[in-house]
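Have a look at the structure below before the remarks.
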Amino acid sequence: MIITGIPFDEKLNIGVLSKVFERKRISNCYKYFWFQAILENIVEDKVVFTYDEILNQMIEDAWYMVTEFKLRLGPCNTTDNLEEVVKYIHSKSNISSTAKRGSVIQYLQNEVL
């Protein structure tokens, strides 16, 4: 079975949702991590979550890619700073690139950067 689009749902305006991912002139890699963080919360049956919870999840989701493989999340001249945030936190913490899930979020909840 091949899925060619997001399934119709009368409660969700798919057109508005799809505009979030429209390609612009600049790279917005954070959108993938933002959407993934929201989906992870929904899968856990959370209907209310904070801005900080979403940001912390985004940082943790990008952690391994950026710290272990030095993956670039976009061009240098972008407004997408998720990669730089991960690098900064990695330089200030003693968290390894291969730390188990939850370690980064726990650090972010307990530390003032």
- Item | Distance, nearest 0.5 Å, that separates CZ of Phe33 from CD of Glu40 | 10.5 Å

- Note on the structure: Here the pair of heavy atoms bringing Val86 nearest to Ala62 is CG2-CB, 4.1 Å

- Note on the structure: Given the options Lys92, His90, Glu84, Tyr88 meets side-chain contact (heavy atoms from CB on, under 4.5 Å) only with Lys92

- Could you tell me whether a side-chain N or O of Ser103 sits under 3.5 Å from a main-chain N or O of Ala99, the two making a donor and an acceptor? no

- Message: Among residues at least two apart in sequence or on other chains, which ones pass ring-ring contact (aromatic ring centres under 6.0 Å, His included) with Tyr64?
- Response: Phe69

- Query: In Å and rounded to the nearest 0.5 Å, what is the CD to CZ distance from Gln106 to Arg101?
  - Reply: 13.5 Å

- Query: Taking all atoms of both residues into account, what is the closest heavy-atom pair of Trp63 and Ser96, and its distance?
  - Reply: NE1-O, 3.1 Å

- NZ/Lys87 to CD/Glu83 distance, rounded to the nearest 0.5 angstrom? 4.0 Å

- Note on the structure: Residues at least two apart in sequence or cross-chain that pass ring-ring contact (aromatic ring centres under 6.0 Å, His included) with Tyr32, listed by chain then number, are none

- Item | Inter-residue atom distance Ile95.CD1 - Glu111.CD, 0.5 Å rounding | 8.5 Å

- With sequence neighbours excluded, what pairs up with Asn56 under the side-chain hydrogen bond (donor to acceptor under 3.5 Å, both in side chains) test? none

- Is a donor on one side and an acceptor on the other found under 3.5 Å between the side chain of Glu60 and the backbone of Gly102? yes

- Could you state the interatomic distance from CD (Gln57) to CG (Leu108), rounded to the nearest 0.5 Å? 10.5 Å

- Is there side-chain contact between Asp61 and Ile59, with at least one heavy-atom pair below 4.5 Å? no

- Query: Say you draw a straight line from CG of Leu82 to NZ of Lys31; how long is it, rounded to the nearest 0.5 Å?
  - Reply: 14.0 Å

- Query: Would you say Phe35 and Ile105 are hydrophobically clustered, going by side-chain heavy atoms of ILVMFWY under 4.5 Å?
  - Reply: no

- Message: Going by the rule side-chain contact (heavy atoms from CB on, under 4.5 Å), which residues pair with Ile38 if we only count those two or more places apart in sequence or in a different chain?
- Response: Trp34, Ile42, Phe49, Ile54

- Message: How about CG on Asn13, more than 12 heavy atoms from neighbouring residues, nucleotides or ligands closer than 6.0 Å, or not?
- Response: yes

- Item | salt bridge (Lys or Arg N to Asp or Glu O under 4.0 Å) partners for Lys46, two or more places apart | Glu53

- With sequence neighbours excluded, what pairs up with Tyr51 under the ring-ring contact (aromatic ring centres under 6.0 Å, His included) test? none

- Task: Using the test salt bridge (Lys or Arg N to Asp or Glu O under 4.0 Å), find all partners of Glu68 that sit at least two apart in sequence or belong to another chain.
- Result: none

